[in-house]
Asker: 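Pasting in a structure now, in structure tokens, and then I'll have a few things to ask.
Basis for what follows: all heavy atoms, side chains included, without hydrogens, waters or symmetry-related copies. FYI, the numbering just counts along the sequence from 1.
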Amino acid sequence: MGDDVILRLGRATAEDLCVALFEVGEHIAAGAAITPPTAEEVERLGTLLRDLGHALGRCCSPYCDHL
């Protein structure tokens, strides 16, 4: 367990992530279209990716100074 990465997600972010992963899977499996996300979904998923990167020890940008 010492190498686990644990993030807490709000319900909206979890729903956004679920939809994004499902649509990417369907796109890969059958060429289905990926629905463009709303601005709010983009914001939530961007924050999730930043937080995940930080949990993995990565910087979110060349200017990242909050690790």
Asker: Would you call Glu40 and Arg44 a salt bridge, taking side-chain N to carboxylate O under 4.0 Å as the test?
Answerer: no
Asker: Between Thr13 and Thr47, is there a side-chain heavy-atom distance shorter than 4.5 Å?
Answerer: no
Asker: Answer yes or no: is there a donor N or O on one side and an acceptor on the other, between the side chain of His27 and the main chain of Ala32, under 3.5 Å?
Answerer: yes
Asker: Could you grab the distance from atom CG of Leu9 to atom CG of Asp51, nearest 0.5 Å is fine?
Answerer: 9.0 Å
Asker: Do the side chains of Val5 and Leu48 join up, straight or via other hydrophobic residues, at under 4.5 Å, putting them in one cluster?
Answerer: yes
Asker: Are Leu49 and Leu7 joined in one hydrophobic group, where the rule is that I, L, V, M, F, W and Y side chains link up if heavy atoms are under 4.5 Å apart?
Answerer: no
Asker: Answer yes or no: is there a side-chain heavy-atom contact under 4.5 Å between Val42 and Thr38?
Answerer: no
Asker: If Ile, Leu, Val, Met, Phe, Trp and Tyr residues are connected whenever their side-chain heavy atoms lie under 4.5 Å apart, and connections chain through other members, are Val19 and Ile28 in the same group?
Answerer: no
Asker: Taking atom CD1 of Ile34 and atom CD of Glu23, what is their separation to the nearest 0.5 Å?
Answerer: 7.0 Å
Asker: Enter the distance from Leu21:CG to Glu26:CD here, rounded to the nearest 0.5 Å.
Answerer: 12.0 Å
Asker: What's the separation between atom CD in Glu43 and atom CG in Asp16, rounded to the nearest 0.5 Å?
Answerer: 11.0 Å
Asker: Supply the atom-to-atom distance Arg50 CZ to Leu45 CG, rounded to the nearest 0.5 angstrom.
Answerer: 12.5 Å
Asker: Which atom names give the shortest non-hydrogen contact between His54 and Arg58, and what distance separates them?
Answerer: CD2-O, 3.4 Å
